[in-house]
Amino acid sequence: MEKGWRRLLLAALLLLPACLGGAEPEAPTTVKIGIIGPFSGEFQPLGQSTRNGVVLAVEEWNQREGVLGHPIEVTLLDSPCEPT
C-alpha cells in the first residue's frame with residue numbers, strides 16, 4: 001500500500017508545474033539550422049553543391065520574412081567524410 005502512495009505523490013509532484021501555468025516561453029527570434037557536409041576533402045564538390053543549395057534556400061525564405069516571421073540563420077560545419 002505504501003508504494004501506491006509514493007507513486008501517487010510522485011505523479012502529483014510531476015504534474016504540479018503544469019497546473020501552475022505561468023508565463024509562456026518567448027519564441028526564438030531566429031530559427032537556427034546546422035548543416036554538416038563535406039566542404040573540403042575528396043567529396044568537396046558534393047559538399048559545395050549542398051552548401052550552395054542551403055544558402056540559396058535560406059536567402060529565399062528570409063526574403064519572404066523567414067519562418068512564421070522569424071529569420072533563418074544557418075551554420076555550416078565541415079566534415080570531410082574521412083573514417084578517422
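T29 and P71 get closest at one heavy-atom pair: O-CD, 3.3 Å. Of all heavy-atom pairs between I33 and I72, the closest is CD1-CG2, 3.6 Å.
The number of heavy-atom neighbours closer than 6.0 Å to CD of E42, taken from other residues, nucleotides and ligands shown, is 12 or below. Around CG of L68, the count of heavy atoms belonging to other residues, nucleotides or ligands within 6.0 Å does not exceed 12.
The CD1 atom of I36 lies 12.5 Å from the OG1 atom of T50; values are rounded to the nearest 0.5 Å. I35 CD1 to T75 OG1: the interatomic distance, rounded to the nearest 0.5 Å, is 9.5 Å. To the nearest 0.5 Å, atom OG1 of residue T30 and atom NE2 of residue H70 are 9.5 Å apart. In this structure, F39 CZ and Q44 CD are separated by 10.5 Å, a value rounded to the nearest 0.5 Å.
At a threshold of 4.5 Å between side-chain heavy atoms, the hydrophobic network of Ile, Leu, Val, Met, Phe, Trp and Tyr places V54 and F43 in two separate groups.
The side-chain contact (heavy atoms from CB on, under 4.5 Å) test applied to S49 returns L46, not counting sequence neighbours.
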